[in-house]
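Comments concern the structure below.
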Amino acid sequence: MIEARHLRVLRAVAHTGSFSAAARELGCTQPAVSQQMKALEQAAGTPLLIRTGRETRLTQAGEALVRHAAGILAGLTAAEEEVAAIAGLRAGRVRLVSFPSGSSTLVPTALAKMRAAHPGTRVSLVEAEPPRSIEMLRNGDCEIALAFRYPEVRGADPAAGAEWDDLVVRPILKDRLTGLVPDGHRLAGAASAGFADLSGEPWIAGCPRCRRHLVEVCESAGFTPRIDFATDDYPAVIGLVGAGLGVAALPELTLASVRPKGATTLRMEPAVHREIVALTLPDLARVPAVAAMLDQLADAAGHGR
């Protein structure tokens, strides 16, 4: 194997014309230069130098190797500098995938702090709900996936635990479900309510994972919800409730950036939460830019280390 240190010695010998002069240029001993050249010739499988008295000349193979050495060593130096920049957070890239309510609440603060702290690191954002976001992480389409699951209701999300087993999981926050009823609803002024109190109402549900969890929560309260409308668009859920077409249970994050018009929030008891986490692969977690972005996401939720 031809090593970079061998090429540096060969180039010095070619430039100075002798082992002793090359040793002085490189700051080492002449025997060290001789040993490096012997190792390089063994790796190349052919003589690279011709020594006649005090004169040292390159063979044809030696000339070819010196010709390529400049580009090889320059490329290696550039690579070392780029890696050092990435390791020192002077450069780098993080591709983040987030679900919509995370994108509008947690992510902007985290991105702003990341840019202020590490302006050389470029962060991109696309939206996807789990499990699609987790597939993107596994497929190499992103470095971090902001995702969620519902751990409280037994059997609500049987795949969620298994799909995270081999990932690095950074807890971000617990996002409580909040009831949403039309203004003027019989429970609109109540301090709190249980899911069973809404058993006879038409429901408006969210994403597939959220719908599955809603059914589990309601069944644990003794009824099966009648879901009249389902949409992944949380502002649409709020709009449908505001129009008097049903009730809903939404995570608090979804209400943080959308003002419910014509709808009233309702504290649900007992409390039900979804767990919001940032996911990455074990090898990626050691990349400085990824680790820094994970910290910023946790800090944005008030749960830094």
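- We find the CD-CD1 distance between E41 and I2 to be 11.5 Å, quoted to the nearest 0.5 Å.
- Counting only heavy atoms from C-beta outward, the side chains of L106 and I276 approach each other to under 4.5 Å.
- For A22 against T16, the heavy-atom pair with the smallest separation is N-OG1, 3.2 Å.
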Validation: residues 23-36 side-chain donor-acceptor distances under 3.5 Å, sequence neighbours left out:
residue : atom : partner : partner atom : Å
T29     : OG1  : A32     : N            : 3.2
Q36     : OE1  : R5      : NH1          : 3.4
Q36     : OE1  : H6      : NE2          : 3.1

Apply the test side-chain contact (heavy atoms from CB on, under 4.5 Å) to residues V168 and L279: give CA-CA distance (whole Å), side-chain angles for both, the deciding distance (0.1 Å), then the verdict. CA-CA 6 Å; V168 174; L279 304 172; over 6 Å; no
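- Residue E3 places its CD atom among more than 12 non-hydrogen atoms of other residues, nucleotides or ligands, all under 6.0 Å distant.
- R170 contributes atom CZ, which lies 12.0 Å from atom CG of L146 (distance to the nearest 0.5 angstrom).
- A 4.5 Å side-chain heavy-atom check between I144 and V290 finds at least one atom pair inside the cut-off.
- Every residue two or more places apart in sequence or in another chain that forms a side chain to side chain contact (heavy atoms under 4.5 Å, CB included) with M136 is listed here: V97, V126, A128, R132, D141, C142.
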Residues M114, D295; criterion side-chain contact (heavy atoms from CB on, under 4.5 Å); working and verdict: CA-CA 9 Å; M114 184 71 177; D295 287 343; over 6 Å; no
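- Side chains of E252 and L173 form no contact here, defined as non-hydrogen atoms less than 4.5 Å apart.
- With hydrophobic clusters built from ILVMFWY side chains whose heavy atoms lie under 4.5 angstrom apart, L214 shares a cluster with F99.
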Go through it in stages, so that I can follow the logic: the residues are L73 and R11, the test is side-chain contact (heavy atoms from CB on, under 4.5 Å), and I'd like the CA-CA distance, side-chain angles, deciding distance and then a yes or no. CA-CA 10 Å; L73 293 173; R11 192 172 60 172; 3.6 Å; yes
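- Put simply, the side chain of L96 does not reach to within 4.5 Å of the side chain of S124, judged on heavy atoms.
- The aromatic rings of F195 and W203 sit parallel to each other, their planes meeting at less than 30°, with 60° as the upper class boundary.
- L297 and A278 get closest at one heavy-atom pair: CD1-CB, 4.1 Å.
- Put simply, the side chain of E143 gets close to the backbone of R95: a donor and an acceptor are under 3.5 Å apart.
- Among residues at least two apart or in separate chains, there is no side chain to side chain donor-acceptor pair (under 3.5 Å) pair with a member in residues 110-123.
- Counting all heavy atoms, side chain and backbone alike, A145 lies closest to S133 at CB-O, 3.8 Å.
- A distance-only check finds no donor-acceptor pair linking the side chain of D197 to the backbone of A193 [under 3.5 Å].
- Looking only at side-chain heavy atoms (C-beta outward), T109 and Q296 stay at 4.5 Å or farther from each other.
- Under the 4.5 Å side-chain heavy-atom criterion for grouping Ile, Leu, Val, Met, Phe, Trp and Tyr, L198 is not connected to L180 through any hydrophobic cluster.
- To the nearest 0.5 Å, atoms SG (C210) and CG (L250) are separated by 8.5 Å.
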Please tabulate, one pair per line, all N/O donor-acceptor pairs under 3.5 Å involving side-chain atoms of residues 228-244, not counting sequence neighbours.
residue : atom : partner : partner atom : Å
D228    : OD1  : R226    : NE           : 2.9
D228    : OD2  : R226    : NH2          : 2.8
T231    : OG1  : D233    : N            : 3.0

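- If you chain together hydrophobic residues whose side chains sit under 4.5 Å apart, L294 and V287 fall into the same group.
- Partners of V83 under the side chain to side chain contact (heavy atoms under 4.5 Å, CB included) rule, at least two apart in sequence or in another chain, do not exist in this structure.
- L10 meets the side chain to side chain contact (heavy atoms under 4.5 Å, CB included) test with M37, L40, L49, L58, L65, V66; sequence neighbours excluded.
- Under the 4.5 Å side-chain contact rule for hydrophobic residues, V247 and L266 share a cluster.
- The backbone N or O of P47 sits less than 3.5 Å from a side-chain atom of T59, completing a donor-acceptor pair.
- By the 4.5 Å heavy-atom criterion applied to side chains, L167 and L281 are counted as neighbours.
- Note that OH of Y150 is 12.5 Å distant from CD of E216, once rounded to the nearest 0.5 Å.
- At a threshold of 4.5 Å between side-chain heavy atoms, the hydrophobic network of Ile, Leu, Val, Met, Phe, Trp and Tyr places V217 and F223 in one connected group.
- In this model, no donor atom of one side chain and acceptor atom of the other lie less than 3.5 Å apart for E269 and S192.
- Residues R176 and A271 share a closest heavy-atom pair of CZ-CB, 3.4 Å.
- Here the side chains of F19 and R51 are in contact, with some heavy-atom distance below 4.5 Å.
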As a quick check of understanding, evaluate side-chain contact (heavy atoms from CB on, under 4.5 Å) for L111 and M293, giving each step before the final call. CA-CA 8 Å; L111 291 184; M293 191 68 232; 3.9 Å; yes
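- Looking only at side-chain heavy atoms (C-beta outward), F148 and I172 stay at 4.5 Å or farther from each other.
- The heavy-atom pair separating T105 from A256 by the smallest distance is CG2-CB, 3.8 Å.
- Taking a cutoff of 4.0 Å between a charged side-chain nitrogen and a carboxylate oxygen, E201 and R186 qualify as a salt bridge.
- Closest of all the heavy-atom pairs between I134 and P130 is CD1-CB, 4.2 Å.
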